[in-house]
*Asks:* 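Structure below; questions to follow.
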Amino acid sequence: MKTIRKIMTGAGTALICAVMYYCFVCGAPRQGRGHLFYMVITGIFCVSVWTAVMGTIWYVKWLRKKNSEFENMIDTLLKNIDELDK
């Protein structure tokens with residue numbers, strides 16, 4: 001189930017970036033080198049956005065996992081606090 005969720009998150013983000021690319025290219029100049037340059041720069045920007053969003057999602061999930069580990073450690077310490085005082 002986690003693998004499917006990861007795939008769907010990546011695919012959904014990629015779809016949003018593809019739509020963003022399409023919308024940007026529709027407004028591109030129609031002549032000369034400017035058109036190619038604009039398309040390449042827009043592609044780089046959209047890939048960068050996709051990478052940043054996926055990295056942020058991964059980082060938030062990692063922080064939540066670390067937070068739950070620390071909460072479990074604190075709970076264990078609080079349960080055993082009497083033994084530590086002796």
*Asks:* For atom CG of Leu63, is the number of surrounding heavy atoms from other residues, nucleotides or ligands below 6.0 Å larger than 12?
*Replies:*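 Count over threshold, so yes.
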*Asks:* Can you confirm whether Cys46 sits close enough to Trp50 that some side-chain heavy atom of one is under 4.5 Å from a side-chain heavy atom of the other?
*Replies:*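 No. Closest side-chain heavy atoms not under 4.5 Å.
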*Asks:* Any chance you could lay out the side chain to side chain contact (heavy atoms under 4.5 Å, CB included) test for Thr42 and Met20, step after step, and finish with the verdict?
*Replies:* CA-CA 9 Å; Thr42 302; Met20 184 172 57; over 6 Å; no
*Asks:* List the atom of Thr13, the atom of Met54, and the distance in Å for their closest heavy-atom pair.
*Replies:*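 Looking at all heavy atoms of both residues, the closest pair is OG1-SD, 3.7 Å.
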*Asks:* Output the distance between atom CE (Met73) and atom CG (Asp75), rounded to the nearest 0.5 Å.
*Replies:*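 Reported to 0.5 Å precision, the distance equals 11.0 Å.
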*Asks:* NZ of Lys61: more than 12 outside heavy atoms within 6.0 angstrom?
*Replies:*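 More than 12 heavy atoms, drawn from other residues, nucleotides or ligands, come within 6.0 Å of this atom.
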*Asks:* To the nearest 0.5 Å, what is the distance between NZ on Lys65 and CZ on Phe70?
*Replies:*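 These two atoms lie 12.0 Å from each other.
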*Asks:* Out of curiosity, does Val53 fall in the hydrophobic cluster containing Phe24 (side-chain heavy atoms, cut-off under 4.5 Å, transitive links)?
*Replies:*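 Cluster IDs for Phe24 and Val53 match.
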*Asks:* Out of Phe45, Tyr38, Phe37, which one pairs with Ile41 under the side chain to side chain contact (heavy atoms under 4.5 Å, CB included) rule?
*Replies:*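 When Phe45, Tyr38, Phe37 are each tested with Ile41, the side chain to side chain contact (heavy atoms under 4.5 Å, CB included) holds only for Phe37.
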*Asks:* So how far is it from Asn72 CG to Leu77 CG, rounded to the nearest 0.5 Å?
*Replies:*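 Answer for the CG-CG pair, Asn72 versus Leu77, is 11.0 Å.
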